2 protein chains.
Amino acid sequence: MEKINLKDYAENFEDTYNDIQETFPKEVLPQAIICKFSSNEYIVRFDEDIQYLFFLLDGRAKIYIVHENGKRALIQFLKKNDFIGDLSLIEVEKNLKDVVAINECTCLAIPLASSREHLLNDKLFLYNLSRYLGDKLLKRTDHYTAMQDYEFKNRLARYILQIENDGFFQEKHTETAEYVGVSYRHLLYTLNQFHEEGLLEKRGRKYFIINKEKLERLSSKRD
Amino acid sequence: MEKINLKDYAENFEDTYNDIQETFPKEVLPQAIICKFSSNEYIVRFDEDIQYLFFLLDGRAKIYIVHENGKRALIQFLKKNDFIGDLSLIEVEKNLKDVVAINECTCLAIPLASSREHLLNDKLFLYNLSRYLGDKLLKRTDHYTAMQDYEFKNRLARYILQIENDGFFQEKHTETAEYVGVSYRHLLYTLNQFHEEGLLEKRGRKYFIINKEKLERLSSKRD
DNA sequence: ATAATAATAGGAGATATCTCATATTGAGGT
DNA sequence: ACCTCAATATGAGATATCTCCTATTATTAT
């Protein structure tokens, strides 16, 4: 992890810095720094205290919950403008999560010890935080209730459409399996099935969507 | 649904009224009323606009999410001091949920139209709302990730211990099945299995826990 | 009180999904 | 460039869980 002075960062990324100034009360910024994490680096570990509230400025990361039985579930992908440590800030978190950078991640890091009080006394920040948490709650609920009410091929179709890029589905299968909550083996079975049914085509190790309509039908219906 | 004047209610339930005054900014209370819902009555319907922010003062209710494929999932049980309509208040909700009273429910009802602005400008209320949402997010995540990482008998053991009363498990099987996310049929299989393994005993139509330790072991481990 | 509806209960068979084993290929570190 | 570890791929067999059916009790509503 590499630390950068916020001032130095601000000079090179004016637009992002403006966003930051609108999101956080000005009292906390003097203490904030920029942290850069490299791919696969842990931003937060489930068994260590968290010292900062992070705000993701660039890059992608993923949150895992670690269970006592050793299994872990990928519960969310993080992107620009997501918080890390929001639940620790408001002190409701009991079990921390693992947060791992997927590619290089640039984060604003606000020290909790010195800034908590400022943050929790800022009306606008609290309002935004509520909305952020509410939105997260809804998305997570949708994700998980879908697991319960749709069978896997429907959920997979949905996920592919959601994360597809230029018609290509190129997520790591290991990660996909953890996120959609099935075994790696079964994911491959279903991907093959999609292939045989003429929904996807394999190009190198990526899959290309060749029948988007059918995929869309599958994603929202039974079938 | 029966409406009661807040003043009248306050006279009979002083303690609860004190709680209310601490939870909500005083500007909104003059417009608030008390609503009583009877057992199985809908407090909110997924296809109708919500006009009030409700705060549950007494009784139990349950939230369902309704999916396009017709299935619905019980996502949360509500009890005293839970909000209903919190996500609509902050306007992040897209798909409403069904909320159904389990027994008689008494709610404080605050009209959204006239009170939204007051609520969202009150620092203390926003702080409490954030904590409430954060806590809800954590609990819901735990519930659902457990579905993914533990097999059903573990989850059922956990649920029984969580909701047991004086050693009796007496929830409706239909509701339990919807909440823990398995078919009614499979729930019965597993309950019978617990019976055969000497964990539960059937008394009338309730189950009585006769080996709590073993149930606890089952609830947190593989096995 | 009686009909109607919801909850409990269990049988039989189908299948979605898992576990374990094994081989091949790709990427990161020194 | 070489080694190691992670990711991809697939087979075979086991099982957790589902769907559909049919009775028998409770509850609720008229």
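Chain naming here is simple, since letters A, B, ... match the order of the sequence lines and numbering starts at 1 in each. Not measured: the values here are computed from a predicted model.
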**Student:** Between C/dT17, D/dT8, C/dA9, spot the one nearest the side chain of A/E151, thanks.
**Tutor:** C/dT17
**Student:** Report the distance from atom CG of B/L156 to atom P of D/dT17, rounded to the nearest whole Å.
**Tutor:** 11 Å
**Student:** When the distance from NZ of B/K206 to P of C/dA9 is rounded to whole Å, what number comes out?
**Tutor:** 14 Å
**Student:** The side chain of B/R155 is closest to which nucleotide in this list: D/dT8, D/dT17, D/dC20?
**Tutor:**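 The answer is D/dT17, which lies nearest to the side chain.
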**Student:** Give the rounded distance in Å between these two atoms: CZ of A/F194 and P of C/dA16.
**Tutor:** 12 Å
**Student:** Starting from C1' on C/dT8, measure out to CG on B/L191 and report it in whole angstrom.
**Tutor:**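 Computing the B/L191:CG to C/dT8:C1' distance gives 11 Å.
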**Student:** Of the nucleotides C/dA9, C/dG11, C/dC20, which one has an atom closest to the side chain of B/K202?
**Tutor:** C/dA9
**Student:** Kindly point out which of C/dA7, C/dT17, D/dA9 is positioned nearest to the side chain of A/F152?
**Tutor:** C/dT17
**Student:** Between C/dT17 atom C1' and B/M147 atom CE, what is the distance in whole Å?
**Tutor:**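 Roughly 14 Å, once rounded to whole Å.
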**Student:** Give one of base, sugar-phosphate or nothing for B/H186, where a contact means two heavy atoms less than 4.0 Å apart.
**Tutor:** base
**Student:** Could you work out which one of C/dA7, D/dC18, D/dT8 sits closest to the side chain of A/H173?
**Tutor:**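 The closest nucleotide is D/dT8.
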**Student:** With nearest nucleotide decided by heavy atoms, which residue, A/V182 or A/R205, maps closer to the 5′ end of DNA chain C?
**Tutor:**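 Looking at DNA chain C, the more 5' nearest nucleotide goes with A/V182.
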**Student:** Does A/S183 put a side-chain nitrogen or oxygen below 4.0 Å from OP1 or OP2 of C/dT19?
**Tutor:**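 So the side chain of A/S183 is outside the cut-off, no N or O lying under 4.0 Å from OP1 or OP2 of C/dT19.
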**Student:** Does B/K172 or A/N40 map to a spot on DNA chain C nearer the 5' end, using the closest nucleotide for each?
**Tutor:**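 Looking at the nearest nucleotide for each, B/K172 comes out on the 5' side.
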**Student:** Counting only heavy atoms from other residues, nucleotides and ligands, does the tally under 6.0 Å from CZ of B/R158 exceed 12?
**Tutor:**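 Atom CZ in B/R158 is not crowded, with 12 or fewer foreign heavy atoms closer than 6.0 Å.
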**Student:** Less than 4.0 Å between a side-chain N and a carboxylate O, is that true for B/E201 and B/R203?
**Tutor:**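 Salt bridge: yes.
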**Student:** Ignoring the backbone of A/Y189, work out which of C/dA9, D/dA12, C/dG11 is nearest its side chain.
**Tutor:**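 Nearest nucleotide to the side chain: D/dA12.
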**Student:** Would one find a side-chain N or O of B/T174 under 4.0 angstrom from OP1 or OP2 of C/dT8?
**Tutor:**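 Yes, because at least one side-chain N or O of B/T174 sits under 4.0 Å from OP1 or OP2 of C/dT8.
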**Student:** Are the side chains of B/T141 and A/Q76 in touch, meaning some heavy atoms are under 4.5 Å apart?
**Tutor:** no
**Student:** Could you check whether atom CD of A/E213 has more than 12 heavy atoms from other residues, nucleotides or ligands sitting under 6.0 Å from it?
**Tutor:**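 Check fails, neighbour count at 12 or below.
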**Student:** For A/E171 and D/dT8, give me the distance from atom CD to atom C1', rounded to whole Å.
**Tutor:** 15 Å
**Student:** Starting from C1' on C/dA6, measure out to CD on B/E175 and report it in whole angstrom.
**Tutor:** 12 Å
**Student:** Using the closest heavy atom to pick a nucleotide of DNA chain D for each, name whichever of B/L187 or A/N192 lands nearer the 5' end.
**Tutor:**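 Final value for this comparison: A/N192.
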**Student:** Atom CG of B/L188 to atom P of D/dC18: distance rounded to whole Å?
**Tutor:**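 The answer, rounded to whole Å, is 12 Å.
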**Student:** I'd like to know if B/D86 and B/K136 make a salt bridge, using a cut-off of under 4.0 Å between side-chain N and carboxylate O.
**Tutor:** yes
